[in-house]
Amino acid sequence: MVSSWAVSITALLAFAVWRVTRRRVLSDIRGPAVPSRLLGHEKVVRGMEQVGDLEFKWVREFGPTWLTKNCYGEDNLWTADPKALQYVFHTSGYRFSKRLVAVEVTKLFTGQGILSASADDHQRHRKIMNPAFGAAQLRTFLPIFRRSAARLGQKWKDQLQANSTAEGGVLNISRLLARMTLDVIGEVAFDDRLGALDDKENELAKSFDGLFLDTLLYPPSWDLLFKASWRFLPTPVMNLIKYLPTKEYKRFREYLQTAFRTGKNLIEEKASATEKGNKDIMSILVQSNLSEDARFRLNENEILSQIATLLVAGHDTTANSLTWLLYELSKHPEDQRRIRDEIAATRERMEARNDEDFSPADLDSMTFMNAAIKEVLRLHPIVPTLVREADQDDVIPLAIPIETKSGKVISEIPIVKGTPITASICTYNRLESVWGEDAAEWNPNRFVESRERTTVGIFANLMTFSAGIRGCIGWRFAVLEMQAVLAELIETFDFRFPDDVEIIRLNAGLMVPMVRGKMQEGIQIPLHVSVLR
């Protein structure tokens with residue numbers, strides 16, 4: 001009779017062989033040559049001149065799944081494969097956690113908010129916040145979106161009248177778009193008119209200005225190596241990182257302190273104002289929290305963290321997406337005219353029923369305008385990559401088989417617990433197998449024409465709002481705001497791209513536009529703007 005010891009030893013040996021085999025499979029994945037033993041590919045990836053330059057090259061060479069090295073020689077599995085993304089973000093739930101560095105950096109500027117919450121805490125945060133982002137609640141925000149867009153339009157008219165001829169002039173559209181979306185988030189989230197469009201002095205707005213350019217654009221080698229060592233540091237040491245005196249950590253600390261200071265005043269107001277029926281996001285969040293079982297409520301620190309989170313997720317992302325959208329429409333005047341005609345036809349129907357302004361249904365009915373919104377989210381995703389880590393041994397399925405170094409063609413990749421995975425959103429959004437041969441080009445018609453596609457992401461088969469249980473809670477908010485603002489601006493102005501200007505896409509945590517040769521001037525897209533009405 002075989003002893004239990006022999007069975008146990010055999011099982012352990014089999015398990016060890018199985019894990020070694022899995023590691024060998026990963027090492028057999030093809031990828032680019034390693035430029036640095038110490039930095040791996042981290043420095044070249046973070047130092048790309050434009051977002052996607054390396055990924056677009058690597059996907060052509062290795063297919064939509066490849067291997068790179070992180071700092072200190074750590075393997076990193078990259079993928080833009082739709083089936084792999086579906087598995088990691090949808091099918092497997094919380095089995096693929098956000099990587100520690102991503103979580104800790106996020107905590108530096110959002111605190112203990114929903115973006116940095118772990119699995120159980122994330123469910124708790126999301127349950128409390130969901131009522132503020134329901135369809136009925138979003139409808140109440142539409143007048144604010146429309147009113148803010150009209151105020152932006154008047155600001156642009158004033159600038160053109162003061163500085164330009166009757167034919168219009170060149171404006172940096174990104175500057176006031178960012179201020180408008182900041183005013184929007186102040187009003188809908190906190191019922192607080194920040195006055196950013198009016199250049200009103202505001203401590204919170206000032207602390208946020210240029211935050212990501214000052215902290216995440218082109219990180220130095222020492223910082224990449226330092227962050228890569230965080231996984232070896234004990235929690236008490238990690239809690240001290242936010243106090244480091246260097247520029248990145250100081251800027252994040254100042255912003256978070258300002259957000260918390262502002263938030264404490266807001267919470268005191270909302271705790272009493274909720275009884276009066278206030279409908280801003282913070283009032284609903286506070287009321288939802290009070291209604292929850294005491295065991296699952298958000299604590300004060302978590303509530304305050306949502307303020308910092310809402311400013312980041314609800315302001316800068318939408319402003320950048322609208323900036324990229326007007327950029328593309330300025331280069332494609334025929335699409336701009338088509339949207340304008342669609343708006344005019346919808347306005348006729350609206351006025352025929354004696355309504356004063358567009359409803360959410362009106363905005364949804366503008367087929368080509370919505371196709372253009374989807375196309376800009378596809379072509380210019382604001383967050384170009386997402387990082388995850390396997391919480392257990394697993395097998396990643398592939399829709400598109402890849403050839404390994406040894407010449408095998410594989411359609412799944414065994415991985416071990418702790419394997420880092422980088423989802424290349426910008427690459428997936430341009431995969432020809434998903435989007436067609438013109439995947440790298442602007443073509444809103446792809447969303448008008450019926451075409452079979454895989455189902456990835458939470459909106460329009462895109463990964464731009466992430467996917468699955470960690471998908472962006474405010475994606476409907478962002479889409480409605482883009483619809484409302486775009487309808488106002490295209491109806492009021494004509495946009496043209498000026499000669500001798502080249503826009504580049506840089507990764508400063510978010511994908512931001514700059515003018516080549518004028519990076520010292522910061523985020524900008526100059527467009528020729530003329531008034532139509």
Side-chain angles (χ1 to χ4, degrees), residues 135 138-139 142 145-146 149-150 152-153 173 177 317-353 355 357-382 429-430 432 434-453 455 457-465 475-497 525 527-533:
L138 291 179
R139 283 195 291 273
L142 181 56
F145 296 157
R146 295 286 291 161
L152 169 64
I173 62 164
L177 272 169
T317 53
T318 305
N320 274 305
S321 292
L322 282 165
T323 297
W324 285 115
L325 181 49
L326 292 178
Y327 162 76
E328 288 292 351
L329 292 174
S330 75
K331 297 173 68 177
H332 298 88
E334 68 285 356
D335 289 344
Q336 194 176 154
R337 285 191 297 270
R338 187 172 171 183
I339 293 174
R340 193 170 293 120
D341 291 343
E342 198 171 52
I343 295 169
T346 306
R347 180 168 289 282
E348 284 185 12
R349 294 193 297 271
M350 179 200 77
E351 291 174 347
R353 62 175 190 262
D355 284 349
D357 202 359
F358 297 132
S359 66
D362 289 327
L363 296 173
D364 284 339
S365 73
M366 300 182 199
T367 304
F368 191 74
M369 183 184 78
N370 285 292
I373 289 172
K374 293 171 184 176
E375 182 69 347
V376 80
L377 293 172
R378 183 191 72 84
L379 204 59
H380 301 288
I382 295 306
N429 282 0
R430 297 191 183 203
E432 290 188 6
V434 176
W435 304 104
E437 294 180 358
D438 63 347
E441 301 170 9
W442 168 265
N443 178 17
N445 280 312
R446 77 179 77 250
F447 288 103
V448 177
E449 301 160 355
S450 178
R451 183 183 300 179
E452 275 192 37
R453 298 193 184 101
T455 304
I458 55 179
F459 176 68
N461 195 38
L462 299 168
M463 282 291 295
T464 307
F465 292 114
W475 72 267
R476 292 182 181 88
F477 178 102
V479 170
L480 182 60
E481 184 178 6
M482 290 181 70
Q483 291 173 326
V485 174
L486 185 64
E488 174 68 24
L489 297 182
I490 294 299
E491 193 173 30
T492 309
F493 300 99
D494 183 73
F495 300 91
R496 292 289 184 271
F497 193 70
I525 287 188
L527 297 183
H528 186 277
V529 182
S530 55
V531 180
L532 296 174
R533 69 176 179 90

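Residue numbers count from 1 along this sequence. All values below were derived from every heavy atom in this structure, side-chain atoms included, with hydrogens, water molecules and symmetry-related copies excluded.
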Given side-chain hydrogen bond (donor to acceptor under 3.5 Å, both in side chains), test N445 with E375 step by step and report yes or no.
-> CA-CA 9 Å; N445 280 312; E375 182 69 347; over 6 Å; no
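- Here the closest heavy-atom approach between residue T367 and residue E342 is recorded as N-OE2, 2.9 Å.
- Salt bridge present: D494 and R340 bring a charged side-chain N and a carboxylate O closer than 4.0 Å.
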Please assess S365 against D362 for the test side-chain hydrogen bond (donor to acceptor under 3.5 Å, both in side chains), listing each intermediate value before the final yes or no.
-> CA-CA 5 Å; S365 73; D362 289 327; 5.0 Å; no
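- When all heavy atoms are compared, the tightest approach of G153 to F493 is O-CZ, 3.2 Å.
- Checking N320 against T323 by side-chain atom types alone, no donor-acceptor pair falls below 3.5 Å.
- Closest non-hydrogen pair, A460 versus F447, comes out as O-CE2, 3.7 Å.
- The main-chain N or O of P360 is never found under 3.5 Å from a side-chain atom of R139 such that the two would form a donor-acceptor pair.
- From L363, atom CG reaches atom CE of M482 across 12.5 Å, with rounding to the nearest 0.5 Å.
- Note that CG of L177 is 10.0 Å distant from CG of L325, once rounded to the nearest 0.5 Å.
- In this structure, the separation between CD1 on I458 and CH2 on W475 is 6.5 Å, given to the nearest 0.5 Å.
- Between I339 and L329, the closest side-chain pair of non-hydrogen atoms falls below 4.5 Å.
- Considering all non-hydrogen atoms of both residues, E491 and R347 come closest at OE2-NE, 2.5 Å.
- Below 30°, between 30° and 60°, or above 60°: for F477 and F145 the angle between ring planes is above 60°, a perpendicular geometry.
- Using cut-offs of 30° and 60° for the angle between ring planes, the W324 and Y327 rings count as perpendicular.
- Counting non-hydrogen atoms of other residues, nucleotides and ligands closer than 6.0 Å to CD of E334 gives a total above 12.
- Note that CG of N443 and CG of D438 are 5.0 Å apart. Values are rounded to the nearest 0.5 Å.
- Panel note: side chain R430, backbone A439; no donor-acceptor pair is recorded below 3.5 Å.
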